[in-house]
Amino acid sequence: QVQLVESGGGLVRAGGSLTLSCAASVRTVMGWFRRPPGKEREFVAGISLGGGLTSYADSVQGRFTISRNKDDNTVLLQMDNLGPADTAVYYCASRPYYSSNSRGVSDYEYWGQGTQVTVSS
């Protein structure tokens, strides 16, 4: 069992930045997903166990950066140039191994409780 706890959500104006954090109980392959209002949960970014491999959804490529701390089991999602379309509940999730093609909800095993990000226009 892997415990995941997200933090860092909030309200930000369009064009602004926000950093989300996910603390895991063990070091594991991680991903970020989001669920916009009225929509399905979607993949945002993923990172390998060592942090050297990352993958992004087309909608966030170049604006979001996923990284992980070397000294603990925390993964960050730096979000820049945010727009109203980025408004969603953001979730971190874990899986046993990394694959850039693993972008479905069912590809991940454990989930955090989610944190709300709201971008005002």
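Bear in mind the structure is a predicted one, so any value in this text is a computation, not a measurement.
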Show the nearest heavy-atom pair for residues Q116 and A88, with the distance to one decimal. NE2-O, 3.4 Å
Side-chain contact test, heavy atoms from C-beta onward, threshold under 4.5 Å: evaluate it for L4 versus S94 and give yes or no. yes
With R27, the side chain to side chain contact (heavy atoms under 4.5 Å, CB included) member among T74, L49, V2: L49
Check whether T87 reaches the backbone of T118 with its side chain - one donor and one acceptor, N or O, closer than 3.5 Å. no
Assigning hydrophobic clusters by single linkage (Ile, Leu, Val, Met, Phe, Trp, Tyr; side-chain heavy-atom cutoff under 4.5 Å), is V12 placed with V89? no
For a 4.5 angstrom cut-off between non-hydrogen side-chain atoms, does L82 reach F64? yes
For S55 and R103 the tightest heavy-atom approach is CB-NH2, 3.5 Å
Is D86 salt-bridged to R63, going by a charged N under 4.0 Å from an acidic O? yes
Closest non-hydrogen atom pair, Y56 against A45: CD2-CB, 3.7 Å
Flag side-chain contact, heavy atom, 4.5 Å: S102 against R95: yes
From D80 atom CG to T65 atom OG1, the distance as rounded to the nearest 0.5 Å: 6.5 Å
Scan residues 91-121 for pairs that pass ring-ring contact (aromatic ring centres under 6.0 Å, His included), counting only residues two or more places apart or in two chains. F33-Y108, F33-W111
Chi angles and distances behind the side chain to side chain contact (heavy atoms under 4.5 Å, CB included) call for L77, V44: CA-CA 10 Å; L77 185 67; V44 174; 4.2 Å; yes
Dump the intermediate steps for side chain to side chain contact (heavy atoms under 4.5 Å, CB included) on M30 and C22, then the final yes or no. CA-CA 9 Å; M30 302 275 281; C22 179; 3.3 Å; yes
If you measure from OG on S7 to CD on Q113, what distance do you get to the nearest 0.5 Å? 8.5 Å
Decide side chain to side chain contact (heavy atoms under 4.5 Å, CB included) for L20 and L76; before the verdict, give the C-alpha distance in whole Å, the side-chain angles of both, and the deciding distance to 0.1 Å. CA-CA 6 Å; L20 304 181; L76 306 176; over 6 Å; no
If you take all heavy atoms of A24 and T28, which pair is closest and at what distance? CB-CG2, 4.4 Å
For E6, does its backbone N or O pair with a side-chain atom of T115 as donor and acceptor, under 3.5 Å? no
Any donor and acceptor pair, going by atom type alone, linking the side chain of R13 with main-chain N or O of G83 inside 3.5 Å? no
Distance-only, no hydrogens or angles: does the Q3 side chain make a donor-acceptor pair with backbone N or O of S25 under 3.5 Å? no
Name every donor-acceptor pair, under 3.5 Å, that has one atom in a side chain of residues 36-43 and the other anywhere in the protein, sequence neighbours excluded.
residue, atom, partner, partner atom, Å
E42, OE2, R34, NE, 2.7
E42, OE2, R34, NH2, 3.3

I47 vs L53, test: side chain to side chain contact (heavy atoms under 4.5 Å, CB included). Steps then yes/no. CA-CA 6 Å; I47 190 166; L53 298 174; over 6 Å; no
Applying a strict under-4.5 Å side-chain criterion to I, L, V, M, F, W and Y, I'd like to know whether V26 and W32 cluster together. yes
For E109 and P96 the tightest heavy-atom approach is OE1-CD, 4.1 Å
I need the minimum non-hydrogen distance between N101 and D107, along with the two atoms involved. O-OD2, 4.5 Å
With a 4.5 Å limit on heavy-atom distance, are the side chains of I66 and V75 in contact? yes
